[in-house]
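See below for the structure under consideration.
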Amino acid sequence: MNDIVVVRDLTKVFGRRGRKAQGLVAVSSVSFSVQAGGALGIVGESGSGKTTLSRMLVGLERPTSGSITICDQDRSKPARSLAAQRERARQIQIVFQDPYTSLDRRQTGADCLAEVLRLHSDLTATQRDHRIHELGDQVGLSKATLASRPAALSGGQRQRLAIARALAASPQVLVLDEAVSALDVSVQAQVLNRLADIREELGITYLFVSHDLAVIQQITDDVIVMRHGGIVERGSTKDVLTEPQHEYTKLLRDSVPRPGWTPAKPAH
Ligand SMILES: Nc1ncnc2c1ncn2[C@@H]1O[C@H](COP(=O)(O)OP(=O)(O)OP(=O)(O)O)[C@@H](O)[C@H]1O
């Protein structure tokens, strides 16, 4: 199978003004690839560079150096035209932790999906309506729920809507940045099950950013572990989580509450 996402030596330094100033290295020489249809987990504690990495992948942050190739196209430089921007959006979409801030409070769910469909497809109004309900089915939102505005939706419903909105662009790759972290565990499980079904049905590729190893374990095949902007461990999710090699991964794993759990002592 071919690699749909290829990242090489990706680095992001914030606040460096002038060649000699130091700045903050948020992401440092990160390289990885993901096969089409795969699901890669990106884990690490707060501040390890996960969000900066995902923002670079979708073009919201410009890399300081290194390359990003998605669907065989170089993404290291900004898109030159509106058409190129839209094409990129059809390749990769992102869902953030809190959809409420990015959903238009005046729009119903159906209107929100219609807007994306108008932008990214040539569907007629009738075809669009059909597609909106198809997307609703995929994420588990009823027609009545889609007719509501965000304020009337629960956190789980809003997150499903955000996922449907991302899927409306028919992306080949979906980045989920702490996308289920704010949800109750039972709602989280429902959304994760939906996401697993969607991946099976559409063959879409996931990049799943989370600090939560239990979530990563459920949804990903492979994982990279980030610390201080770099990758400290990588491998199949099963191997890395059952037999972590790096001390930092062991610490992350030992910090996950489970029966008989006691907090790990910080490493000195
Ligand atoms: N726009 C910015 N300007 C300056 N520094 C930034 C910016 N965005 C992130 N950083 C810094 O880069 C580092 C990595 O942050 P990032 O948000 O990528 O980590 P993270 O692993 O996603 O953490 P979290 O889960 O808390 O979001 C942090 O030290 C952060 O303060």
Side-chain angles (χ1 to χ4, degrees), residues 5 7-32 34 39-68 70 75-78 92-102 155 159 162 166 173-183 185 188 191-192 206-220 222-234 237 240-241 244 246-257 264 266-267:
V5 177
V7 169
R8 290 282 168 257
D9 288 324
L10 199 63
T11 296
K12 177 70 189 181
V13 184
F14 284 112
R16 186 163 62 183
R17 295 203 173 75
R19 282 184 168 264
K20 293 202 176 133
Q22 284 216 318
L24 186 143
V25 183
V27 174
S28 173
S29 290
V30 162
S31 299
F32 63 84
V34 191
L40 177 76
I42 302 174
V43 296
E45 63 189 4
S46 181
S48 55
K50 309 179 301 292
T51 293
T52 305
L53 174 60
S54 44
R55 286 174 58 85
M56 285 194 283
L57 287 169
V58 297
L60 290 172
E61 203 74 71
R62 194 172 176 173
T64 305
S65 60
S67 70
I68 301 168
I70 295 172
R75 309 270 299 217
S76 319
K77 306 267 166 356
I92 187 165
Q93 284 278 317
I94 188 163
V95 178
F96 291 107
Q97 177 169 359
D98 177 15
Y100 202 43
T101 49
S102 61
Q159 199 54 290
V173 182
L174 189 58
V175 181
L176 297 128
D177 187 352
E178 302 282 5
V180 296
S181 306
L183 306 177
V185 176
Q188 195 177 72
V191 175
L192 287 174
Y206 287 159
L207 282 151
F208 214 99
V209 179
S210 182
H211 67 280
D212 186 339
L213 297 186
V215 167
I216 290 290
Q217 190 166 23
Q218 278 182 65
I219 193 96
T220 66
D222 297 298
V223 68
I224 58 177
V225 182
M226 288 187 69
R227 188 185 194 200
H228 301 326
I231 297 178
V232 293
E233 187 160 359
R234 69 177 79 218
T237 306
V240 171
L241 297 193
H246 197 281
E247 286 306 317
Y248 175 68
T249 318
K250 287 182 193 165
L251 198 63
L252 274 184
R253 192 194 59 169
D254 293 344
S255 311
V256 176

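Order of listing sets the numbers, starting from 1, for every ligand and every atom in it. Side chains included, hydrogens not; waters and symmetry mates left out as well; all remaining heavy atoms used.
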Could you find the nearest protein heavy atom to [atom] and give me its residue, atom name and distance?
| atom | result |
| --- | --- |
| atom 1 (N) of ligand 1 | Phe14 CE2, 3.5 Å |
| atom 20 (P) of ligand 1 | Gly47 N, 3.4 Å |
| atom 12 (O) of ligand 1 | Ala26 CB, 3.3 Å |
| atom 31 (O) of ligand 1 | Leu24 CD1, 4.9 Å |
| atom 25 (O) of ligand 1 | Lys50 NZ, 3.4 Å |
| atom 18 (O) of ligand 1 | Thr52 OG1, 2.6 Å |
| atom 19 (O) of ligand 1 | Gly49 N, 3.1 Å |
| atom 27 (O) of ligand 1 | Thr51 OG1, 3.5 Å |

Has the side chain of [X] got a donor or acceptor atom that lies under 3.5 Å from a matching backbone atom of [Y]?
| X | Y | value |
| --- | --- | --- |
| Lys50 | Glu45 | yes |
| Gln159 | Gln97 | yes |
| Arg253 | Leu241 | yes |

Do Thr237 and Thr220 have side-chain N/O donor and acceptor atoms under 3.5 Å apart?
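The answer is yes; a qualifying pair exists.
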Taking only heavy atoms of Ser48 into account, list the atoms of ligand 1 that are under 4.0 Å away from them.
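Result: 19 (O), 20 (P), 21 (O).
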For the 3.5 Å polar cut-off, considering only N or O atoms, please tell me whether Ser46 and ligand 1 meet it.
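Yes; at least one N/O pair falls below 3.5 Å.
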So, 4.0 Å and heavy atoms of Glu45: is ligand 1 close enough to count as a contact?
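Yes, Glu45 has a heavy atom closer than 4.0 Å to ligand 1.
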